[in-house]
Structures are given as C-alpha cells and as structure tokens.
Amino acid sequence: MREGRPSITATWVAAWRGLATYAPSPIARDAVAEQLIPTPYAQIVAAARKNPRAIALVHALADRVSLGRSRHLALRTRAIDEAVDGEMAGGTRQLVLVGAGLCARAYRLPSLRDSVVYEVDHPSTQGYKRSRAEALTPLARRVHHVPSDFERDDLTARLAEAGHDARQRTVFICEGVTMYLSRAGVEQTLRGVREAAAPGSVLLMTYFERAGSPFARTLTAVLRGVSEPVMSAFSATEIGARLDAHDFDVVTDEGDPEWSPRWVGERQPWSLERLVAARRRR
Ligand SMILES: C[S@@+](CC[C@H](N)C(=O)[O-])C[C@H]1O[C@@H](n2cnc3c(N)ncnc32)[C@H](O)[C@@H]1O
C-alpha cells in the first residue's frame, strides 16, 4: 500500500469484474464496478458494455493467452456471491468485507436487503471508495465504512465501534487481501475475525498458494512493480491449521480446477489463488 493513495490492485480487480460482466456468457456480473473505478478504467468498461463483439474478442484472446487463467476473478466472484446468498438465505444478517477495496456487493446483491454491511479497508483506499460510493444507493439495509490498517489496528475494536454485533452470526469476506499482508498481519486479522465472529459465522478467505510457475512469478513481479508486493502465501494444510487455531473449521477449499468444470464446463488444471470457506466452531 502507498500511504494516501488507493490500492491499484483494488482498481484492477474491480475493472476486470466490470469487463467480465460483458463477456458472452458471463460467469459473474458486476454492473456497478463501472461506477466505482477511476475514469480511464470506467471508460474502458463502458466501451465493453457498448461493444459486445469487441469484448467477446478480448475475452477469447485473454482466455487463449492465459490458458484460461483470465477467468479466475469471475470464478472467484461467483463462488463468493453464491456463498453469501446461501448464508443470507440461512438467516445471517451481517456482512463484513475485510479489505473491501472497490467491492460492490453491498450495491448489487439483492440477498443483502435485510443485512448490514461493514466495509473495512485501509484508510488510503477507503477514502477513494467513499467518494465514489456516495452517488450509489445500496441494496443492503445499511453500509458502514470502517477504516483499519490490518497490520496495526484492532479489527474487533474497530468493528464494535462501528456497531457490529459480535453476538450475531456474520459472514466475513477476505477476498484478495491476505497476499498483501505480512504473516503477522494475516495472524492479527484472523485474531480480529475470530473475536468478532459468533459461533456459526462464516469466513470466506482467499490465499495465494506457494507456487513457482512462470505465471506466478510474472504476476509477483508486476505486483511488486506497483508497490503491492506479495507478502504471504500458504499451502492448503497451512491455511487449514491457521484457521483451526482460530476456532474455524474448514468446510471447502476450492479454486479454478474445481470451479471451471462447474461453471464453464472446461477442465482448468492451474490455480494460484484459492478460496477457503470456514465456519466458526460452537
Ligand atoms: C486486491 S484488493 C482486493 C479488494 C477487494 N476485496 C476485491 O476483491 O475487490 C486488496 C485490498 O486490500 C487492502 N489492503 C492491503 N493492505 C492492507 C492493510 N494493511 N490494511 C487494510 N487493508 C489493506 C487494500 O486497500 C485493497 O482494498
């Protein structure tokens, strides 16, 4: 993170979600992204919206060049959206976005209509998000913006100050964040989530796998180049152990190899980032 400047990766992932919305058979949709991202990116997404043939070509090319990896963000969005819908249908009424970035779920998921959303993020990114979100009407019952630096601040205390009720079940989403935190920062964040999570709460958290593929090395170099270096990666066993230590039981641990056959109808053997879903023990 660069002090005083919003996260560039938050812009990139939101912009790609916007572009993925206009793919020929979208895996996931985020029609709000265009209103949250900075102007030059918004213009690109608007052009995609208006030119279905051109964006179909862009997606086909990206698919081919990346050997299917370009679908990852749409797959991750779909997996998390479906999990949130399921938890809200089961009666959960609080959602905490841990590292919200330019996530638009509070503004686009009808399943949040009775729920309160707490968007927690680094103050540098959150200032920008708030300035863009002001013009939007949330679908969620209420949205609270909670500034917090996960490397330093007490997440539980920040949430409590914002009105979060730690006695009620919550869905916590930590999407595309752990890789940008130090190991100590991940641990501190998990501690904060644990203390704020009533039994039965769910944590949906993505993590980078320890991987040495040329694709992973290129991405790592790009991220270092924009001052958001990858600081943490885990194996599935390690992430399971960290969650267990914080009283969460892993329910699923999935990535592109599981999602792609399900939602695209194609085998996809590569994964770099995985999503773990874990439930707080009683
Ligand atoms: C790649 S973006 C993901 C944003 C969002 N979850 C999404 O998937 O669209 C990474 C997010 O982590 C946040 N972040 C990185 N380091 C942080 C820190 N030390 N404290 C709080 N947030 C941090 C950034 O501000 C940014 O919003």
Side-chain angles (χ1 to χ4, degrees), residues 7 9-10 12-21 23 26-33 36 69-90 92-113 115-121 125 129 138-140 143 169-181 186 189-190 193 197 200-209 234 236 239 243 248-264 268 271-280:
S7 155
T9 58
W12 286 353
V13 295
W16 193 255
R17 281 195 295 265
L19 289 177
T21 305
I27 298 164
R29 288 187 173 83
D30 183 351
V32 181
L36 290 173
R69 290 177 176 98
S70 62
R71 299 179 204 133
H72 170 68
L73 285 174
L75 291 167
R76 162 179 120 179
T77 303
R78 169 122 174 215
I80 296 176
D81 285 358
E82 288 195 358
V84 170
D85 288 350
E87 291 304 311
M88 296 303 151
T92 300
R93 293 289 172 261
Q94 299 185 109
L95 174 68
V96 174
L97 298 172
V98 182
L102 305 183
C103 172
R105 288 192 176 88
Y107 303 89
R108 67 177 178 80
L109 286 188
S111 65
L112 293 174
R113 83 183 68 79
S115 298
V116 181
V117 176
Y118 298 87
E119 297 206 353
V120 192
D121 207 340
T125 307
K129 168 78 168 285
L139 295 187
V143 181
R169 274 192 336 240
T170 302
V171 175
F172 295 85
I173 299 177
C174 186
E175 179 186 20
V177 177
T178 56
M179 52 294 287
Y180 304 111
L181 301 179
V186 173
T189 304
L190 284 175
V193 168
S201 295
V202 162
L203 170 61
L204 305 165
M205 186 169 85
T206 71
Y207 65 96
F208 271 4
E209 289 179 288
F234 299 87
I239 207 80
L243 288 165
F248 275 89
D249 292 323
V250 173
V251 181
T252 55
D253 184 335
E254 296 186 334
D256 295 17
E258 290 81 12
W259 296 327
S260 197
R262 199 181 298 159
W263 295 320
V264 185
Q268 156 69 292
S271 77
L272 172 62
E273 184 186 24
R274 292 182 67 83
L275 170 72
V276 66
R279 199 171 287 279
R280 177 77 155 86

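For this chain, numbers begin at 1 and follow the sequence in order. What you see is a predicted model, and the numbers here were worked out from it, not measured in a lab.
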Check your understanding: Is the side chain of R279 donor-acceptor paired with the backbone N or O of D249 at a distance under 3.5 Å, no angle test?
Key -> no

Check your understanding: Counting only N and O atoms by type, is there a donor-acceptor contact under 3.5 Å from the side chain of D256 to the main-chain atoms of S271?
Key -> no

Study note, to complete from the structure: Minimal heavy-atom distance between C103 and L97, with the atoms involved, is SG-CD1, 3.9 Å

Point to revise | Side-chain heavy atoms of T252 within contact of E258, under 4.5 Å | key: no

Review point. Has the side chain of W259 got a donor or acceptor atom that lies under 3.5 Å from a matching backbone atom of Q268?
Key: no

Check your understanding: Any salt bridge between E87 and R169, counting N to O under 4.0 Å?
Key -> no

Exercise for review: Taking the side chain as every heavy atom from C-beta outward, state whether Y207 and V186 have any pair of such atoms under 4.5 Å apart.
Suggested key: no

Point to revise | Shortest non-hydrogen contact between A14 and A33, atoms and distance | key: O-CB, 3.3 Å

Practice item. Drop me the distance from E119's CD to L102's CG, to the nearest 0.5 angstrom. Key: 9.5 Å

Exercise for review: Flag the pair L75 / V264 as yes when at least one side-chain heavy-atom distance between them is below 4.5 Å, and no otherwise.
Suggested key: yes

Check your understanding: Quick one: does T170's side chain get under 4.5 Å of R280's, heavy atoms only?
Key -> no

Review point. Is any NZ, NE, NH1 or NH2 atom of the basic residue among R29 and D81 found under 4.0 Å from an Asp or Glu carboxylate oxygen of the other?
Key: no

Check your understanding: Under 3.5 Å, is there a donor-acceptor pair between the side chain of T125 and the main chain of S7?
Key -> yes

Study note, to complete from the structure: Residues S260 and R71: closest non-hydrogen pair is OG-NH1, 3.3 Å

Review point. For the atom pair OH (Y118) and CZ (F172), what is the distance rounded to the nearest 0.5 Å?
Key: 10.5 Å

Review point. Is there a donor-acceptor pair closer than 3.5 Å between any side-chain N or O of K129 and the backbone N or O of L36?
Key: no

Exercise for review: Flag the pair I27 / H72 as yes when at least one side-chain heavy-atom distance between them is below 4.5 Å, and no otherwise.
Suggested key: no

Exercise for review: Give the minimum heavy-atom separation between S201 and F248, together with the two atoms involved.
Suggested key: O-CE2, 4.0 Å

Review point. Could you give the distance from CE (M179) to OG1 (T9), rounded to the nearest 0.5 Å?
Key: 9.5 Å

Practice item. Using the side-chain contact (heavy atoms from CB on, under 4.5 Å) rule, take L272 and R69 through it: C-alpha gap first, then chi angles, then the decisive distance, then the call. Key: CA-CA 9 Å; L272 172 62; R69 290 177 176 98; over 6 Å; no

Point to revise | Heavy-atom side-chain proximity of E82 to W263 below 4.5 angstrom | key: yes

Exercise for review: Please assess T206 against R76 for the test side chain to side chain donor-acceptor pair (under 3.5 Å), listing each intermediate value before the final yes or no.
Suggested key: CA-CA 9 Å; T206 71; R76 162 179 120 179; 4.7 Å; no

Point to revise | Donor-acceptor contact below 3.5 Å, side chain R113 vs main chain P110 | key: yes

Review point. Do V98 and L203 touch side chain to side chain, with heavy atoms closer than 4.5 Å?
Key: no

Review point. How about V143 and Y107: do any of their side-chain heavy atoms sit closer than 4.5 Å?
Key: yes

Check your understanding: Which pair of non-hydrogen atoms, one from E175 and one from R105, has the smallest distance, and what is that distance?
Key -> OE1-NH1, 2.9 Å

Study note, to complete from the structure: Rounding to 0.5 Å, atoms CG (L112) and CG (L95) come to a distance of 5.5 Å

Review point. P26 and A20: which non-hydrogen atoms are nearest, and at how many Å?
Key: CB-O, 3.7 Å

Exercise for review: Apply the test side-chain contact (heavy atoms from CB on, under 4.5 Å) to residues V250 and I239: give CA-CA distance (whole Å), side-chain angles for both, the deciding distance (0.1 Å), then the verdict.
Suggested key: CA-CA 9 Å; V250 173; I239 207 80; 5.7 Å; no

Point to revise | Step-by-step side-chain contact (heavy atoms from CB on, under 4.5 Å) determination, L109 to L139 | key: CA-CA 7 Å; L109 286 188; L139 295 187; 5.8 Å; no

Practice item. Any chance you could lay out the side-chain contact (heavy atoms from CB on, under 4.5 Å) test for R262 and E254, step after step, and finish with the verdict? Key: CA-CA 12 Å; R262 199 181 298 159; E254 296 186 334; 2.8 Å; yes

